[in-house]
Amino acid sequence: MPVTTRCRICEGTVEEFFDFGRQPLSDAFAEPSAAGENEFFYRLATGICTSCSMVQLMAEVPREEMFHEDYPYLSSGSSFMREHFGKLAERFRTTELTGPDPFIVELGCNDGVMLKALADAGIRHLGVEPSGGVADLAAAKGISVRKDFFEEAVAADIRRTHGPADVIFAANTLCHIPYMGSILRGVAGLLTAKGVFVFEDPYFADIVRRNSFDQVYDEHFFFFTARSVRAMAELHGLELVDVERLPVHGGEVRYTLALAGARTPSPAVAELLAAEEEANLTDPRTLETFGANVRKIRDDLVALLRDLKDKGHRVVGYGATAKSATVLNFCGIGPDLIEFISDTSPTKQGRVTPGTHIPVRPPSEFAADHPDYAVLFAWNHAEEIMAKEQDFREGGGKWVLYVPDVHVV
Ligand code: SAM
Ligand code: TMP
Ligand code: ZN
């Protein structure tokens, strides 16, 4: 019997297609002395709704376990992403936010990477961010932040206090939120008549195309396509009016929703829907092939790391990403195969990786004594990282990548 559950979008039947097994919280970096104490585990598995086609996790982790005072992800850690969000802020400022006294709300503003430019330009804004530590970093930059989980009641309260929003924005946040009905009712009630809800998240078609199975972890609850986003919008009086492919985080789509009938959909929407149809994205055979590719990557990566170790090479990891939790725990890779992981986030340094307890160290330790090989867990930032770590390559070091397959460069 296939394992099924109820769709968090349409209440249809979700059929499981891949099981990653028992996994820890992807962002739970513990102090070494507390490693393994009270670690939270759950079963990570993906399924697809046979009605609305939304790809989603089979089990939900309580939101307070993931997003809290100690949430370690810092959005401003990548110069490429700072530039990406800087450009978007400028686009908002010169398009959607040109009326009298415009207002923008951002869900999951994190350390303020997008809102900073708008705050500096004196535009009325509000970040809604439940993770206290990162919300404080945004506030310290002069950004107005409400420490809360965005949901219907919070949206209604924002409207009462600040009035309606011309733009509601969310980057790498909407896909984190299982209670989508509450979010979309809140959005529909908070937007002005012509307002837009813009969000960008990893694109399921790119995950399948690149075998980037490590995009699957506790925080990534939904994996969107134009088809599934259009279906979820329609359930709440919203309409998908634009889509834009983005070259960030291994391939994302920026979706624009408006109140139904308020805007004319761009031709890009029909084009992306047609491309998805063509790619047979939701065909069970496509999902089976994805699963087979993922198992092969696991076997190849473990074999490579064991071989390197047997030959006496030093291997470290680069980027203690949330994605790496899935790779390490699914493959059973621990400190025996990877000495440490280099990461720029002060919130992760000196701690150990969830479940596998590999030490996380600052990049200065990577630079001080280059290893022979580095597994690039932050492969989505490859260009930026390889450019700044040229000395590693020049000294004979090699990068190990595992998407779309295991290879050494
Ligand atoms: N927007 C930033 C970016 O793209 O780098 C941050 C993305 S981070 C992966 C996801 C953020 O969503 C976290 O800071 C988390 O605290 C926040 N978050 C989770 N649930 C939320 C909710 N219901 N409302 C607002 N923010 C939420
Ligand atoms: P992300 O893939 O979810 O954005 O996470 C990237 C992680 O990699 C984050 O912990 C910060 C780290 N990182 C580095 O260590 N060096 C870098 O140059 C970049 C861009 C990220
Ligand atoms: Zn559904």
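Atoms within a ligand are numbered from 1 in the order they appear, just like the ligands themselves.
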Inset, instruction - Determine, using heavy atoms of Met81 and all atoms of ligand 2, whether some pair is separated by less than 4.0 Å. - result: no
Legend entry - Pair Thr353-Thr356, side-chain donor/acceptor within less than 3.5 Å: yes
Legend entry - Salt bridge flag under 4.0 Å for residues Glu31 and Arg351: yes
Legend entry - Element-labelled atoms of ligand 2 that are located less than 4.0 Å from some non-hydrogen atom of Asn380: 1 (P), 2 (O), 4 (O)
Inset, instruction - Give me the ring orientation class for Tyr402 and Phe377: parallel if the planes are under 30° apart, tilted from 30 to 60°, perpendicular past 60°. - result: tilted
Inset, instruction - Would you confirm whether Asp343, through its side chain, and Ala320, through its main-chain N or O, come within 3.5 Å as a donor-acceptor pair? - result: yes
Inset, instruction - Flag this pair as yes if the NZ/CZ of Arg63 is under 6.0 angstrom from the six-membered ring centre of Phe149 and inside a 45 degree cone about the axis; otherwise no. - result: yes
Inset, instruction - Would you please determine whether Tyr73 falls within less than 4.0 Å of ligand 2 on a heavy-atom basis? - result: yes
For ligand 1, list every N/O pair with the protein closer than 3.5 Å, one pair per line with the distance.
unit_1	atom_1	unit_2	atom_2	d
ligand 1	1 (N)	Gly108	O	2.9
ligand 1	1 (N)	Ala171	O	2.9
ligand 1	4 (O)	Ala171	O	3.2
ligand 1	4 (O)	Asn172	ND2	2.8
ligand 1	5 (O)	Ser75	OG	2.6
ligand 1	12 (O)	Thr173	OG1	3.3
ligand 1	14 (O)	Asn110	ND2	3.3
ligand 1	14 (O)	Glu129	OE1	2.8
ligand 1	14 (O)	Glu129	OE2	3.1
ligand 1	16 (O)	Glu129	OE2	2.4
ligand 1	16 (O)	Ser131	OG	2.7
ligand 1	23 (N)	Phe150	N	3.4
ligand 1	23 (N)	Phe150	O	3.3
ligand 1	23 (N)	Tyr179	OH	2.9
ligand 1	24 (N)	Phe150	N	2.9
ligand 1	26 (N)	Gly108	N	3.2

Inset, instruction - Using a 4.0 Å heavy-atom cut-off, say whether Thr344 meets ligand 2 through its side chain, its backbone, both or neither. - result: both
Legend entry - Backbone of Ser53 reached by a side-chain donor or acceptor of Thr282 within 3.5 Å: no
Inset, instruction - Keeping the roles fixed (side chain from Thr289, backbone from Leu287), state whether a donor-acceptor pair exists under 3.5 Å. - result: no
Legend entry - Nearest option to atom 1 (P) of ligand 2, as decided by whichever heavy atom of His381, Glu389, Glu384, Arg82 sits closest: His381
Inset, instruction - Say whether Thr4 and Glu16, considering side chains only, have a donor N or O and an acceptor N or O under 3.5 Å apart. - result: no
Inset, instruction - Nearest 10° is fine: what angle sits at the Zn ion (ligand 3) between SG from Cys7 and SG from Cys49? - result: 110°
Inset, instruction - Answer yes when Lys398 and Asp372 have at least one side-chain N-carboxylate O distance shorter than 4.0 Å, and no when they do not. - result: no
Inset, instruction - Ignoring hydrogens and angles, state whether a donor on the side chain of His84 or Glu200 is under 3.5 Å from an acceptor on the partner side chain. - result: yes
Legend entry - Thr321: numbered ligand 2 atoms lying under 4.0 Å from its heavy atoms: 2 (O), 5 (O), 6 (C), 7 (C)
Legend entry - Atom indices of ligand 2 within 4.0 angstrom of Lys348 heavy atoms, with elements: 9 (C), 10 (O)
Legend entry - 4.0 Å heavy-atom contact, Ser345 with ligand 2: yes
Inset, instruction - Return a yes/no value for Lys323: is any of its N or O atoms, backbone included, closer than 3.5 angstrom to an N or O of ligand 2? - result: yes
Legend entry - Charged N-O contact under 4.0 Å between Asp201 and Arg254: no
Inset, instruction - Please report which non-hydrogen protein atom sits nearest to atom 17 (C) of ligand 2, along with the residue it belongs to and the distance in Å to one decimal place. - result: Lys388 NZ, 3.5 Å
Legend entry - Ion pair check, Lys309 and Asp336, cut-off under 4.0 Å: no
Inset, instruction - Classify the contact between Asp343 and ligand 2 as side chain, backbone, both or neither, using a heavy-atom distance cut-off of under 4.0 Å. - result: both
Inset, instruction - Check each atom of ligand 2 against the heavy atoms of Gly319 and keep those under 4.0 Å away; list them by number with element. - result: 8 (O)
Legend entry - Minimum-distance protein heavy atom relative to atom 19 (C) of ligand 2: Ile385 CD1, 4.0 Å
Legend entry - Contact summary for Gly77 and Glu384, nearest pair of heavy atoms: O-OE2, 4.3 Å
Legend entry - Proximal atoms of ligand 2 relative to Ser78 (non-hydrogen, under 4.0 Å): 20 (C)
